[in-house]
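Read the structure below first, then the notes.
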Amino acid sequence: MTKKDNSKFTTMKNIVSLCKRRGFIFQSSEIYGGLRSCYDYGPLGVELKKNVKEEWWKSMVHRRDDIVGLDCSIIMHPKVWEASGHLSGFTDPLVDCRNCKERFRADHAPVVSAGTEVEYKEGGKSKGKKITAIVGEQGYVCPNCGSCDLSDERLFNLMFRTNMGVVDPTQEIANRIDDLAKLDKDERRAELSKMIAKSAVYLRPETAQGMFVNFLNITQSSRVKLPFGIAQMGKSYRNEVTPGNLTFRTCEFEQMEMEFFVKPGEDDEWYKYWHKERYNWYLNLGISKERLRMRDHDEDELAHYAKGCADVEYFFPFENADGEGEWAELEGVANRTDYDLKKHSEHSGKNLLYFDQDTGEKFTPYVIEPAAGADRATLAFLCDAYCEEEIKEGDVRTVLKFDPRLAPIKAAVFPLVKKDGMPEKATDIHKELLAAGINSQYDQAGAVGRRYRRMDEVGTPWCITVDGDTNEGKGVTVRERDSMEQERIPVEGIVDYVKDRMLKTD
RNA sequence: GCGGGCGUAGCUCAAUGGUAGAGCACCACCUUGCCAAGGUGGAUGUCGAGGGUUCGAAUCUCUUCGCCCGCUCCA
């Protein structure tokens with residue numbers, strides 16, 4: 001039975017329920033009522049995510065000699081965000097429509113010059129009473145209902161701001177509160193911003209800038225030659241307007257990003273290369289082909305600096321209006337051109353050119369960036385692994401068909417029954433697996449069939465059972481998760497058996 | 001943030017304003033000799049949180065927090 005056959009059984013509700021029940025993902029601060037958009041990885045979740053990250057690091061850094069690793073601080077110099085455009089670009093004025101309650105971006109609204117008479121329906125409903133009004137100074141109308149009854153434009157900063165230093169900015173604000181009260185609203189806000197900005201720092205909204213600002217350090221310390229890449233995994237933070245779908249969209253999230261520097265002119269070729277490479281990474285780790293696709297961005301969808309961009313998308317079992325699931329982005333592969341290095345060169349005044357020893361040329365490299373979400377990848381592997389299989393009439397088992405490399409627990413050891421020295425023998429084997437660095441679990445509770453099912457539910461690939469023949473030198477049985485078939489192998493060969501099977505990647 | 005739906009045991013869900021329940025899961029012992037639902041016993045809830053109405057609130061009401069769906073944004 002393939003995973004695809006079971007897709008109709010999977011809903012996000014089942015995944016969330018399993019995650020909580022078995023300790024993959026919990027809501028943050030749950031005993032206090034939970035915190036919006038924040039989640040904790042439980043004992044099994046942390047193993048799964050760690051395995052995903054490890055596979056990414058191996059494929060990006062350890063198995064290649066043209067990419068080096070990096071781990072930057074989350075808080076960086078505020079000028080980094082000025083240069084990258086995040087400080088301004090993350091600040092979009094939003095407007096609420098008082099008529100239909102829609103919120104929209106002022107710069108995306110239909111332009112209607114002030115003084116023009118417009119008609120729209122009350123409440124934005126087609127049956128609503130007709131209203132005629134004159135457009136005010138704002139010079140645009142609601143994109144949803146056409147109303148000009150709008151709130152002021154308001155700023156929403158999408159970066160997390162905090163302050164560094166022992167003196168809190170509220171002290172200065174308190175000292176100057178009387179002066180501030182005399183100013184008008186805009187002036188007051190500008191003054192306050194100035195006071196806060198003195199000590200303001202930001203949590204990074206992406207890890208990428210760390211690679212760009214360390215470009216010089218790395219070229220000078222690591223003897224790298226074009227084309228080469230810098231890879232980094234780590235937490236990033238964004239005030240998302242609408243988080244949701246478990247760990248898919250959260251304000252705190254972990255990225256796996258790599259900036260690949262190439263000679264201008266060779267960028268298209270490398271873009272295609274990473275396009276393919278990144279798609280295959282997911283497939284190789286067992287994601288169903290039917291639920292994975294590459295989607296090229298339309299021209300108008302591209303960021304202003306990007307020459308090309310494609311998303312690796314997974315068909316998640318999110319419940320939407322159609323009730324059918326939804327294609328959603330796991331990773332973006334973008335050609336960022338020389339935009340970032342040039343911007344940082346301008347703002348820092350440092351020379352970030354690459355000197356080609358062979359040709360004697362100096363130029364700013366182009367950058368191809370595969371930027372993946374570690375939490376999203378983890379969630380995709382979890383959703384894709386989830387199956388409910390009908391073994392026989394009325395007997396359904398829940399099984400997570402993880403690739404063994406990703407499985408949180410690699411092997412479980414059981415005594416067939418709790419007597420005749422079987423628990424002791426099984427414990428010895430379990431300890432031997434642990435000593436070999438294989439994450440193993442021992443279980444003797446209940447019937448053996450139930451123990452197999454328990455392990456199916458958390459995706460353990462192999463269950464090793466000690467039976468009456470084991471002590472007669474006839475070895476143990478190994479039961480394979482997906483096929484449920486068993487084979488008998490010698491006790492001495494168990495560690496090697498598990499190790500061999502884990503290395504098998506196809 | 002706005003609109004709609006929802007919050008009861010670990011999970012799925014019951015319970016006319018009148019003593020909080022079931023199934024599964026869990027723990028112990030027995031049984032079990034290779035694929036869940038066998039026997040006996042056991043633990044479990046400030047009914048999401050905080051106010052209000054009432055003799056009495058899981059139930060009515062207000063506020064708040066969280067989740068799901070739509071709008072918007074993105075890895």
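Naming convention: chains lettered A, B, ... in sequence-line order (proteins, then strands); numbering from 1 in each chain.
- Put simply, CZ on A:F26 is 17 Å from P on B:rC67, counting in whole angstrom units.
- Going from the C1' atom of B:rC2 to that of B:rC73 covers 16 Å, rounded to whole Å.
- Note: CZ (A:R295) to C1' (B:rC74) measures 12 Å, nearest angstrom.
- If you check the side chains of A:E331 and A:Y282, you find a donor sitting under 3.5 Å from an acceptor.
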Protein proximity profile, nucleotides 24-35 of chain B - base contact B, sugar-phosphate-only contact S, no contact -, cut-off 4.0 Å on heavy atoms: --S-----BBBB
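- Residues satisfying the side chain to side chain donor-acceptor pair (under 3.5 Å) test with A:E313, not counting sequence neighbours, are A:R293, A:R295.
- Counted within 6.0 Å of NZ on A:K272, heavy atoms from surrounding residues, nucleotides or ligands total 12 or fewer; the atom is thus considered open.
- B:rA58 is unpaired under the criterion used here, namely a Watson-Crick or G-U wobble arrangement in which both key atom distances are under 3.5 Å.
- B:rU54 and B:rG48 have their C1' atoms separated by 23 Å, given to the nearest Å.
- A straight line from CD of A:E389 to C1' of B:rA36 spans 14 Å, rounded to a whole angstrom.
- Per the geometry, CG belonging to A:D311 stands 15 Å off P belonging to B:rC73, to the nearest Å.
- Nucleotide B:rA36: unpaired (no Watson-Crick or G-U wobble partner with both distances less than 3.5 Å).
- The side chain of A:K20 places an N or O atom within less than 4.0 Å of a non-bridging phosphate oxygen (OP1 or OP2) of B:rC11.
- By the 4.0 Å N-to-carboxylate-O rule, A:E254 lies close enough to A:K53 to be salt-bridged with it.
- Figure legend. B:rG17 is base-paired to no nucleotide; pairs are counted as Watson-Crick or G-U wobble with both atom distances under 3.5 Å.
- Remark: A:S236 engages A:Q255 in a side chain to side chain donor-acceptor pair (under 3.5 Å) (not counting sequence neighbours).
- Separation of the C1' atoms belonging to B:rG7 and B:rU64 is 14 Å when rounded to the nearest angstrom.
- Taking atom CZ of A:R376 as the reference point, atom P of B:rC73 lies 14 Å away to the nearest angstrom.
- Rounded to an integer number of Å, the gap from A:E388 CD to B:rU12 P is 13 Å.
- Here A:F248 lies in heavy-atom contact (under 4.0 Å) with a base.
- Base pairing annotation: B:rG3 forms a Watson-Crick or G-U wobble pair with B:rC69, both donor-acceptor distances under 3.5 Å.
- Among the atoms of the strands shown, only primed sugar atoms or phosphate atoms (P, OP1, OP2) are found under 4.0 Å from some heavy atom of A:L246.
- Nucleotides B:rC68 and B:rC34 place their P atoms 45 Å apart, quoted to the nearest Å.
- By the side chain to side chain donor-acceptor pair (under 3.5 Å) test, A:E277 pairs with no residue at all, sequence neighbours left out.
- One can place CG of A:N239 at 15 Å from C1' of B:rU72, the figure rounded to the nearest angstrom.
- Using P as the reference atom, B:rC11 and B:rC30 are 31 Å apart when rounded to the nearest Å.
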Table please: side-chain donor-acceptor pairs of residues 407-420 of chain A below 3.5 Å, with sequence neighbours left out.
from, atom 1, to, atom 2, distance (Å)
A:K410, NZ, A:P404, O, 2.9
A:K410, NZ, A:R405, O, 3.1
A:K410, NZ, A:A407, O, 2.8

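- Within the 4.0 Å cut-off from OP1 or OP2 of B:rC69, at least one side-chain nitrogen or oxygen of A:N245 is found.
- In this structure, the nucleotide among B:rC74, B:rG66, B:rU12 sitting nearest to the side chain of A:S17 is B:rU12.
- Not counting sequence neighbours, the partners of A:Y273 by the ring-ring contact (aromatic ring centres under 6.0 Å, His included) test are A:W270.
- The side chain to side chain donor-acceptor pair (under 3.5 Å) search around A:Y271 returns none, not counting sequence neighbours.
- Looking at A:D375 and A:Y39, their side chains never come closer than 4.5 Å, going by heavy atoms from C-beta outward.
- A salt bridge is defined here as a Lys NZ or Arg NE, NH1 or NH2 lying under 4.0 Å from an Asp or Glu carboxylate O, and A:E55 with A:K58 meets this definition.
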How does protein reach along nucleotides 41-49 of chain B, written 5' to 3' as B (base within reach of a heavy atom under 4.0 Å), S (only sugar-phosphate), or - (no contact)? ---------
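- Rounded to whole Å, the separation between the C1' atoms of B:rA9 and B:rA58 comes to 14 Å.
- Listed by chain and residue number, A:F215, A:F228 satisfy the ring-ring contact (aromatic ring centres under 6.0 Å, His included) test with A:F261 (two or more places apart in sequence, or in another chain).
- Residue A:T250 is in base contact, counting any heavy-atom pair closer than 4.0 Å across all strands shown.
- When both distances must be under 3.5 Å, the Watson-Crick or G-U wobble mate of B:rG41 is B:rC27.
- Across all strands shown, B:rU12 forms a Watson-Crick or G-U wobble pair with B:rA22, both key distances being under 3.5 Å.
- Here the separation of B:rC35 from B:rC29, taken at their C1' atoms, is 23 Å to the nearest Å.
- With distances taken from any side-chain atom of A:R249 to the nucleotides B:rG66, B:rC11, B:rC73, the minimum falls on B:rC73.
- Rounded to whole Å, the C1' atom of B:rG17 lies 8 Å from the corresponding atom of B:rC60.
- Across the protein-nucleic acid pair, A:H297 atom NE2 and B:rC73 atom C1' stand 13 Å apart, rounded to whole Å.
- Here A:Q27 does not reach the OP1 or OP2 of B:rG66: none of its side-chain N or O atoms lies under 4.0 Å away.
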